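As structure tokens, the structure follows; a few thoughts come after it.
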Amino acid sequence: MKVLVSHEVDDQVGREILGAESALEVLTYDPNNSQLSNTQRSAELLIPPYRGSHRPIPLLQQLPKLRMVQLLSAGVDEWFEHVPREVTLASARGAHAGPVSEWVLSAILTQLRQWPALVRFQDSETWAHRRFAADTLAGKQVLILGAGSIGMAVARKLAAFDAMSTLVASVAREGVYAPDALPDLLPGHQVVVVTAPLNEATRKLVDADFLSAMDDGALLVNAGRGQIVDTAALVSELQSGRLRAALDVTDPEPLPPGHPLWKCAGAIVSPHSARTVPGTNRLCYMVAAEQIGVFVAGGVPSNAVLR
């Protein structure tokens, strides 16, 4: 079965992993090119690159034999509306859990232990003993919005720091609440972590009412998608000093110069880079190879999206 894999340097590891599969013939393509060759058009599988994943979307019309699109991201929101329903769409769920959950933990600790303030004191050569108010993660109640592989990994890491997690997902199950429980759950949690996927149910779920229900001084950590949070409402809370935030994703994204989020004293922003550590691309392609292997064998990949 022929699979299209980006020719870019970041995807070299993917070409090697997939090329070792006897059932696959790897064809390279340029995600920035508007035309495919006749050979490329015969592919049945397409893997968009992680960076700029949306770039090959226009190429879908040139793939008449396409049977599966395998993403390298945990989320599928960029591709969901574009992939024909008869074509299997699968994510790389699980590959990002380690690095992203590590970012979440580091973001929480950075805010609680007041590292932004300490770095500013260092920049001014100030010995700031007793001039900042650090907090501890131990004993904190953390609400995790999204109980997939990333959210569960966050909960495991928090437990090692003696913090307690409450999980919320789209559907309730044992140990996991449904979204309709949020109004009652938000009070009493000192940290709220967003790891949920972006869809119509989660778009601007974290709105003014959601934020106002959070405890004074609470911390919002967003490692999901920027559009899950109402940016204007968040900026208002941050500017008032009532809430703090650690954001790996924003709306808009990239965050433009002059945007008020840059100047909010209670916020730290990273440029959608929570998963960007050595080895993540290999993890993504290992998951992709596993999912494709199940598909080629006639099964339904575990990460296939129900549509």
Side-chain angles (χ1 to χ4, degrees), residues 1-33 36 39-57 59-60 63 65-80 82-83 87-103 148-153 195 197-198 223-225 248-249 271-305:
M1 194 172 289
K2 296 177 181 177
V3 54
L4 283 176
V5 182
S6 167
H7 72 161
E8 295 172 333
V9 173
D10 286 349
D11 299 285
Q12 179 178 346
V13 63
R15 296 192 295 272
E16 293 171 355
I17 291 172
L18 294 167
E21 300 292 331
S22 59
L24 298 176
E25 178 184 351
V26 175
L27 304 176
T28 60
Y29 75 104
D30 183 351
N32 297 313
N33 200 332
L36 294 175
T39 301
Q40 291 168 331
R41 289 170 186 252
S42 65
E44 297 169 86
L45 304 169
L46 170 67
I47 300 183
Y50 179 81
R51 298 182 189 280
S53 166
H54 63 282
R55 289 177 290 159
I57 289 176
L59 300 179
L60 289 173
L63 294 167
K65 296 183 179 180
L66 186 65
R67 297 175 56 197
M68 180 182 185
V69 174
Q70 172 63 56
L71 301 179
L72 301 177
S73 58
V76 300
D77 47 282
E78 284 189 315
W79 283 79
F80 187 83
H82 300 282
V83 177
V87 174
T88 296
L89 174 64
S91 71
R93 184 181 64 221
H96 302 264
V100 175
S101 62
E102 185 177 278
W103 179 91
S149 60
I150 295 175
M152 298 301 290
T195 62
L198 176 64
R225 286 289 186 267
D248 186 54
V249 288
H272 203 151
S273 55
R275 56 84 72 184
T276 308
V277 293
T280 305
N281 280 358
R282 175 171 292 278
L283 289 173
C284 291
Y285 272 106
M286 292 295 290
V287 171
E290 179 186 8
Q291 298 293 302
I292 289 173
V294 172
F295 181 80
V296 171
V300 178
S302 59
N303 287 359
V305 179

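In this text, all values refer to a predicted model and were calculated from it rather than measured experimentally. Basis for what follows: all heavy atoms, side chains included, without hydrogens, waters or symmetry-related copies.
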Identify, with sequence neighbours excluded, every residue that meets side chain to side chain contact (heavy atoms under 4.5 Å, CB included) alongside S73.
Y50, L71
Who passes side chain to side chain contact (heavy atoms under 4.5 Å, CB included) against E25, sequence neighbours left out?
K2, L27
For E44, enumerate each residue passing the side chain to side chain contact (heavy atoms under 4.5 Å, CB included) test, keeping only those at least two apart in sequence or located in another chain.
M1, K65, R67
Among L59, L36, L66, L4, whose side chain to side chain contact (heavy atoms under 4.5 Å, CB included) with R41 holds?
L36
Do V87 and L63 have side chains that get closer than 4.5 Å, going by heavy atoms?
no
Which residues pass the salt bridge (Lys or Arg N to Asp or Glu O under 4.0 Å) test with R225, sequence neighbours left out?
D77
Is E102 atom CD crowded by more than 12 heavy atoms from other residues, nucleotides or ligands, each under 6.0 Å away?
no
Between atom OG1 of T88 and atom CD1 of I292, what is the distance when rounded to the nearest 0.5 Å?
11.0 Å
Any side-chain heavy-atom pair of L60 and L46 under 4.5 Å
yes
Show the nearest heavy-atom pair for residues R15 and V5, with the distance to one decimal.
CG-CG1, 3.7 Å
Could you check whether any side-chain heavy atom of E290 comes within less than 4.5 Å of a side-chain heavy atom of P301, counting everything from C-beta outward?
no
Under the side chain to side chain donor-acceptor pair (under 3.5 Å) rule, collect the residues that match up with T39, sequence neighbours excluded.
none
Under a 4.5 Å cut-off applied to non-hydrogen side-chain atoms, are W103 and S101 in contact?
no
Which residues share a side chain to side chain donor-acceptor pair (under 3.5 Å) with S302, sequence neighbours left out:
Q291
To the nearest 0.5 Å, what is the distance between NE2 (H96) and OG1 (T195)?
13.0 Å
Please give me the minimum heavy-atom distance between A95 and V287, naming the atom from each residue.
CB-CG2, 3.8 Å
I'd like to check P31 versus S53 (side-chain heavy atoms, cut-off strictly below 4.5 Å). Are they in contact?
no
Residue list, side chain to side chain donor-acceptor pair (under 3.5 Å) with E16, at least two apart or on another chain:
Q12
To the nearest 0.5 Å, tell me how far N303 CG sits from S149 OG.
8.0 Å
Using the test salt bridge (Lys or Arg N to Asp or Glu O under 4.0 Å), find all partners of R51 that sit at least two apart in sequence or belong to another chain.
D10
Sorted by chain and number, sequence neighbours left out, ring pair (Phe, Tyr, Trp, His ring centres under 6.0 Å) with Y285 holds for none
Which heavy atom of A97 sits nearest to which heavy atom of I150, and what is that distance?
CA-CG1, 3.8 Å
R275 vs C284 side-chain heavy atoms within contact, under 4.5 Å:
yes
Measure the CD1-OH distance between I47 and Y29 for me, rounded to the nearest 0.5 Å.
8.0 Å
Pairing residues for D248 by the side chain to side chain donor-acceptor pair (under 3.5 Å) criterion, not counting sequence neighbours:
S270
Nearest-0.5 Å distance that lies between atom CG in L18 and atom CD in Q70:
9.0 Å
What residues, two or more places apart in sequence or in another chain, satisfy side chain to side chain contact (heavy atoms under 4.5 Å, CB included) together with P99?
V277, T280
CD1 on I17 to CG on D11, rounded to 0.5 Å
11.0 Å
Any S91 side-chain heavy atom under 4.5 Å of W79 side chain
no
